[in-house]
Protein chains: 2
Amino acid sequence: MAFTIGDMGKATATKIETIRYYEKIGLLPKPARTTSNYRDYGQAELGRLSFIRRARDLGFSLDQVRALLGISGDRSGDCAGIDRIAREHLLEVDRKLADLTALRKELKAVIDSCDGGIVADCRIIEALGPVPPA
Amino acid sequence: MAFTIGDMGKATATKIETIRYYEKIGLLPKPARTTSNYRDYGQAELGRLSFIRRARDLGFSLDQVRALLGISGDRSGDCAGIDRIAREHLLEVDRKLADLTALRKELKAVIDSCDGGIVADCRIIEALGPVPPA
DNA sequence: CCTTGACCCTGTAGTCGCTACAGGGCCTAT
DNA sequence: ATAGGCCCTGTAGCGACTACAGGGTCAAGG
């Protein structure tokens, strides 16, 4: 029922430094301390950290995680805020996917244009810029 | 034939601070100066900056750009190094695409599970963690 | 001639989300 | 008693910029 910071890290695949960092920026509460000043966590903190990590894995920013935690703290409140943040994030992910897909296509075209030889004739260099030198 | 830093920025859609930053980290050479100590660029610098920006747009890191510039400086050298860097980068892009696609799928599933109501019943919160509170 | 505003300069600090020390204390087992 | 593994605080670093603060310069209009 009582965990060290190392236990928390193992349980959530989080580095100790990261947990301390979450505490510093106020995402995790300041935990109780043992007599030797070690952080002393309980089930609630473990749950909260798991939540944070899962949200991070889904690509939410720490600010978004903070908002999600804030809303989810009010269990009787409305779910709409949560939904809005998640949908906004999904849009952002879709934008990134579109950007990355376009980038990939262009990069592929640049690479395929090269068929070896010396730099002066290299199509990749040519595709990259008008005049590379300094 | 002579450009101010502002001209360079406009020509390549680069912020002035970014150009100075590129100079500071050695990607751009220290340019000549006017009598009033303004940076004084020529065609070669403009070409180099264009190259850098284009490579950045394609997602190359500044370290990769540095390497590309180094290789492309030797016009009679072999094109293979260029090709290798570009292909490595393509692999990285593919990895990112795969990751982002997987993330999107999971995020979508989490969002679709929510059909409104109060936080306590919210499937998004549920999907995110075992116990959210602090 | 003077002022206004747009440009330029240097240098430093902030962003995001960690990560990596440095320099110590504590605790258990041998 | 000593070795090792854990824990503590505090600070600095990463990439790739971005945003000031606090000044200098220059061309055009009044």
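A quick note: this is a predicted structure, and the numbers were derived from the prediction, not measured. Note on naming: letters A, B, ... go to the chains in the order of the sequence lines (proteins, then strands), and numbering restarts at 1 for each one.
Regarding contacts with the backbone of C/dT10, a side-chain N or O of B/R33 is found under 4.0 angstrom from either OP1 or OP2. Between B/R39 and C/dC9 there is a side-chain polar atom (N or O) within less than 4.0 angstrom of OP1 or OP2.
Among the atoms of the strands shown, none is found under 4.0 Å from any heavy atom of A/T34. Heavy atoms of B/I5 sit under 4.0 angstrom from primed sugar atoms or phosphate atoms, though from no base atom.
At whole-Å resolution of the value, CZ in A/F60 and P in C/dC16 are 18 Å apart. Atom-to-atom, CG of B/N37 to P of D/dG24 comes out at 13 Å; the value is rounded to the nearest Å. The CZ atom of B/R56 sits 14 Å away from the C1' atom of D/dT18 (whole-angstrom rounding). Atom pair A/E92:CD and C/dC16:C1' shows a separation of 14 Å (rounding to whole Å applied). D/dA16 atom C1' lies 11 Å from atom CG of B/D63, rounded to whole Å. In this structure, the CD atom of B/E23 is 17 Å from the P atom of D/dT18, given to the nearest Å. A/I52 places its CD1 atom 16 Å from the C1' atom of C/dC16, with the value rounded to the nearest Å. Here D/dT25 presents its C1' atom at 15 Å from CG of B/D40, a figure rounded to the nearest Å.
Of the residues in residues 6-22 of chain A, those with a non-hydrogen atom less than 4.0 angstrom from any atom of DNA chain D are A/G6, A/I16, A/R20.
Side-chain contact between A/Y21 and A/L62 is present, with heavy atoms from C-beta onward closer than 4.5 Å. Residues A/I124 and B/I85 form no side-chain contact, since every pair of their non-hydrogen atoms from C-beta on lies 4.5 Å or further apart. Two residues are said to be in side-chain contact when any heavy atoms from C-beta on lie closer than 4.5 Å; B/E106 and A/R54 meet this criterion.
B/R48 CZ to B/Y41 OH: the interatomic distance, rounded to the nearest 0.5 Å, is 12.0 Å. Interatomic distance, OG1 of A/T12 versus CZ of A/R56, reported as 13.0 Å (0.5 Å rounding).
Under the 3.5 Å distance criterion, with hydrogens and angles disregarded, no donor-acceptor pair is assigned to the side chains of B/D99 and B/T101.
A salt bridge links A/R95 and A/E92; the closest N-O separation between the charged side-chain nitrogens and carboxylate oxygens is under 4.0 Å. Using a 4.0 Å cut-off between a side-chain N of Lys or Arg and a carboxylate O of Asp or Glu, B/E45 and B/R39 do not qualify as a salt bridge.
Qualifying ring pair (Phe, Tyr, Trp, His ring centres under 6.0 Å) partners for A/F3, counting only residues two or more places apart in sequence or in other chains: none.
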Kindly give the atom pairs (protein nitrogen or oxygen, nucleotide nitrogen or oxygen) under 3.5 Å for nucleotides 23-29 of chain C.
| unit_1 | atom_1 | unit_2 | atom_2 | d |
| --- | --- | --- | --- | --- |
| C/dG25 | N2 | A/Y38 | OH | 2.9 |

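The side chain of A/L62 lies closest to C/dC18 when the candidates are C/dC18, C/dT10, D/dC17.
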